[in-house]
Amino acid sequence: MRVSLPQTAVTLMFVGLLGSARWLDAHRVTDRVAPAASDSLARFGFRLTDVAKEVGVDFVHHAPILDSKLENIQAYIGALGASVSVADVNGDGRPDLYVTNSAFDHPNALFVQQSDGHFEDEAARAGVADLNREGSGVSMGSVWADVDNDGDEDLFVYKWGRAQLFRNENVPTGELRFADVTEGAGLERWMNAASAVWLDYDRDGRIDLYVTGYFPERFDLWNLTTTRIMHDSFEFATNGGHNVLWRNLGSDADGVPRFEDVTAAMGADSTRWTMAVAAADLDGDGWPDLYLANDYGPEELLRNVAGRRFELAPVGLGEDSKSGMAVALGDTRNRGRLDVFVTNISKMGFLYQGNNLRLNQVADDGDLPNVADGPIADCGWAWGAQFGDLDHDGWLDLYVVNGFISANRHRDYWYDMSLVAGAAGNVFQDTRNWAPIGDKSLSGYERSRLLRNRGGEGFFDVAAAVGADDLYDGRAVALVDLWNSGALDVVVANQKGPLLVYRNEVDPARDWVEFALRGTRSNRSAIGAEVTLEWATAGQRLRQRQVVDGGSGFSSQNDRRLHFGLGVGAAIERAVVRWPSGLEQVLEAPRVRRLHAVQEPSS
Amino acid sequence: MTTLASEAPAAVAIRPRWRVPTVPAPYVFSSLITLILVVGQRESGIVGGYDRMAAALGTAIVAELVLGRVLRGRFPNVLSAYITGNSVTILTKPAAGILWPYWLGALIAITSKYVLVFRGRHLWNPTNFSFAALLLLAPSSMSLLSHQWGNDVVSWFVLAIGLMVVWRAKLFHISGTYAVAFTLLGVLRAHFTGRDPLTEIAPLTGPMYMLLLFFMLTDPRTVVSTRRGRVVVVLAIALVEFGIRLLPETGFHGLDVLLTGPPIFALAIVGPIALWLELRKTPDVRRAA
């Protein structure tokens, strides 16, 4: 048989095409991870070391055990609840940690930092340990704010069950003690909540609260009468729990803060399966907006219209449906804008949703284009994430924890899940139709990602290289300068795993600065306040905006103090503080390498 | 997928039982695909960006024109390539931020029609081959359609139109046989896996299987010629898929990649073998010409 030259050429081209597919695939994988390195301090300017046990943090999360009707996928449904939030609960200037447990009779922990840098669990003594009880549900996370503006940080714990608000009695008693004021505050309600955020949406100086429902609130997950409790679509489900906006009405005569449900009046509801929420002024109008990461559905930006109502912003989010797990806000390109990062799911061969990094152009053209690419897009089954300048180069890095269920390493549930995931919604809405998960893993044993910002031109994963090499099922991550060293440390809460505390050691030649804001006209915690820093380093002028955190990531809250890495030989030109009250305050040339305490001017 | 049905223009002409103008099946199918794309993108962003559609469609059409001209001396009708491009657009779900699976998938699909040929017929449905190849060669970058469309009207709309099209094209015996075989084998599989039978047959209710039933399996260029032969082939495909879906029960993980697209690989394995067996018994049309 004779074969023509063109036919031969096309055949060779065909073989080449198949080869190029292989090459492109391999190239994609190997081009994005820095190998483990012992000289990470020299190479990357920082290194992390887990010191949890060393500093007295000994905590293992326990997962909820739900109604036996859910037994076949108990491990899937009960895979939430590990969380961490940061607050200086006793006003000693040293950050403390609150972490949740999610099984009945397993206590939460409040790790209070001692003067020597060690931590002691004082939750029981303070009255915030014993929260996971039959009939009241289990903890899913917590957020801190000075709810009554009395000078100490109060605690809200959201649950699958009845959430609880604890008033900090440190002021005026001087003792670390909390009083459960949930009922008096009007917050008594059963919700299957997955996240919460503090924000002063009406800018009245009193901090308000937004809580997101995951499973519908009609379900008591320990006493079910039906197994049709799941989402009715993997991409466009709207049968989740309601979200609730609570307006802070101020405290009553006994000092108990009072809240009012204004969800309907403000148009702030969503019955998508909201997994995470963050609040900040994303459109530049001075009012804090809400950004929702929804599981089984598209993200939502609820735009705050002058504190009068929230509107679903038409910014193109509805067409991009994934499995939102966390929301982190950060000025990734030093433009003076808060960009949005939302984690999703990627699993080789089965599902590539990819994380979203949305550049904030809302104030310009009403758009939030997704520019995630390479390592920032694929972080496995990603959960919590936070921005912070871990290497002090002047650009925000990104820490992402991941992994869903780490069980039997040789048995995988992805194929089983694909049976129902590709089916019609009314099939997988019923848990009975899900294959039993048994001891199978589902995106288990994934390594965390530490994505180093390459000067605003993409990210590079250096997690393993700098020491963040754990394989636990990470859920929440919080960034905090734990020991007031000037460096951001990393705290990771793992599902059914230990709490990790990574101490960050940064190249001492690199500069930093921190700001601790205190509101007067604004809420005292200054949640929602923004600092835009302008500085010069290594011949370039940089500008970066950060916002005081009322809760972000997934089931986490960072230190309220703002931390900026500056690079080598930095000189700060100015810091502009925009308070929630609307007041703008300019700090001229604040010194580097120090924490600046800034109080809101009275006028 | 595959191309969806007719990568071959005018291969099947519809003979309506009522008095309406005769429309060649490929045009009906391509219109349906476009409808699915438009509705899917509008309702659920199923395309994931028009750059993807442009990459797949543009590459498929240009490749068809170039290869047809170079190898056969004429510019071919590009309807087939258009359908291939649409199929690639719909079913490709790559890792975030990469576009190359669209243009490369389309290019592999079209080129396969000119390379994997036996007696003048291409053995693989082009898109089916392309997907199977990419799932095997680029597992870190490639996955198949994962969207499901929930309980909304779109699913039923597609189901209704798909049924109408295969019925009018007299191909329902293929889709029907496969659906019945998949269901029965799913029930049987449940005995081995311990899963609920409904779990085993659940994939049949999703959009990917709608595309499989109404388009991939019924591609007129890559099915055998007799009605009985088609039934036998589709049963064989269902059986191979049955075997692939039992792989996890064996404890053998060497072929786990097949689990990322059981029907795709089943069709890619059985389809060309069946066509080859048939073609080898028939005269070589090129020589006869």
Side-chain angles (χ1 to χ4, degrees), chain A residues 4 6-7 9-11 13-14 17-22 24-26 28-29 232-237 298 318-321 344 346-356 370 372-374 377-378 410-412 414-416 418-428 432-436, chain B residues 41-45 48 67 70-71 93-98 100-101 104-105 107-108 111-112 114-116 133-135 137-143 145-152 155 193-196 198-200 202-209 245 247-248 251 253 256-257 259-261:
Chain A
S4 67
Q7 183 68 51
V10 170
T11 303
M13 182 188 85
F14 182 65
L17 291 174
L18 297 177
S20 66
R22 187 83 197 99
L24 285 166
D25 190 60
R28 211 188 133 259
V29 172
D232 59 5
S233 165
F234 263 93
E235 302 285 337
F236 315 105
E319 297 175 357
D320 194 11
S321 176
N344 288 292
S346 291
K347 171 63 180 178
M348 190 173 88
F350 282 99
L351 180 64
Y352 292 108
Q353 291 183 322
N355 304 317
N356 295 337
N370 179 20
D373 195 6
D378 182 357
H410 306 292
R411 287 165 55 79
D412 189 88
W414 261 102
Y415 166 72
D416 302 70
S418 74
L419 292 172
V420 292
N426 52 9
V427 173
F428 54 72
R432 288 179 304 180
N433 296 332
W434 290 58
Chain B
Q41 176 63 25
R42 179 184 165 84
E43 296 298 316
S44 55
L67 291 174
V70 168
L71 295 179
K93 293 294 288 181
I98 59 173
W100 61 260
L104 186 57
L107 195 52
I108 288 174
T111 310
S112 76
Y114 292 89
V115 174
L116 304 175
L134 287 181
L135 284 173
L137 296 170
S140 299
S141 308
M142 176 74 179
S143 69
L145 171 68
S146 56
H147 283 71
Q148 63 81 45
W149 295 352
N151 298 317
D152 62 29
S155 301
T193 63
R195 300 187 192 102
D196 191 280
L198 185 55
T199 307
E200 292 290 356
L204 201 57
T205 65
M208 180 161 154
Y209 272 78
R245 290 187 178 278
L247 281 173
H253 298 290
D256 278 357
V257 66
L259 296 172
T260 60

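Chain letters run A, B, ... following the sequence lines, proteins first and then strands; every chain starts at 1. Predicted model only: the values in this text are computed from it and were never measured.
Looking only at distances, no side-chain donor or acceptor of B:Glu200 sits under 3.5 Å from a matching main-chain atom of A:Leu419. A donor-acceptor pair under 3.5 Å is formed between the side chain of A:Asp25 and the backbone N or O of B:Ser140. Here the side chain of B:Tyr114 pairs no donor or acceptor atom with the backbone of A:Thr11 at under 3.5 angstrom.
Heavy atoms closer than 4.5 Å to chain A are found in the side chain of B:Leu116, but not in its backbone. Contacts of A:Trp434 with chain B are made by backbone atoms alone, with heavy-atom separations under 4.5 Å and no side-chain atom involved. Interface remark: B:Pro248 contributes side-chain atoms only to the contact with chain A (heavy atom separation under 4.5 Å). Contacts between A:Ala21 and chain B at a heavy-atom distance below 4.5 Å involve backbone atoms as well as side-chain atoms. Only the side chain of B:Ala133 comes within less than 4.5 Å of a heavy atom in chain A; its backbone stays farther off. Of the two parts of B:Ile108, the backbone and the side chain both hold a non-hydrogen atom closer than 4.5 Å to a non-hydrogen atom of chain A. With a threshold of 4.5 angstrom between heavy atoms, B:Thr193 does not approach chain A through any atom at all. Only the side chain of A:Tyr415 comes within contact range of chain B, with at least one heavy atom under 4.5 Å from a heavy atom of that chain. In this structure, the portion of B:Leu67 lying under 4.5 Å from any heavy atom of chain A is its side chain and not its backbone. Of the atoms belonging to B:Leu71, it is side-chain heavy atoms, and not backbone ones, that fall under 4.5 Å from chain A.
Once rounded to the nearest 0.5 Å, the distance linking CE of A:Met13 with CG of B:Leu107 reads 5.0 Å. To the nearest 0.5 angstrom, B:Asp256 atom CG is 14.5 Å from A:Trp414 atom CH2.
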Given side chain to side chain contact (heavy atoms under 4.5 Å, CB included), test B:Leu104 with A:Ser20 step by step and report yes or no. CA-CA 9 Å; B:Leu104 186 57; A:Ser20 66; 3.8 Å; yes
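Across all their heavy atoms, B:Ser143 and A:Tyr352 have their closest contact at OG-CD1, 3.5 Å. Between A:Phe350 and B:Leu259 the shortest heavy-atom distance is CE2-O, 3.7 Å.
When A:Asn370, A:Asn355, A:Asp373 are compared by the number of non-hydrogen pairs under 4.5 Å with chain B, A:Asp373 comes out ahead. Ranked by heavy-atom pairs under 4.5 Å with chain B, the list A:Ala435, A:Ala377, A:Gly354 is led by A:Ala435. Between chain A and the residues B:Ser112, B:Ala202, B:Pro139, the largest count of heavy-atom pairs under 4.5 Å involves B:Pro139. Put simply, of A:Asp412, A:Asn344, A:Val10, A:Leu17, the one with the most heavy-atom pairs under 4.5 Å next to chain B is A:Leu17.
Looking at heavy atoms from C-beta onward, B:Arg195 lies in side-chain contact with A:Asp416 at the 4.5 angstrom threshold.
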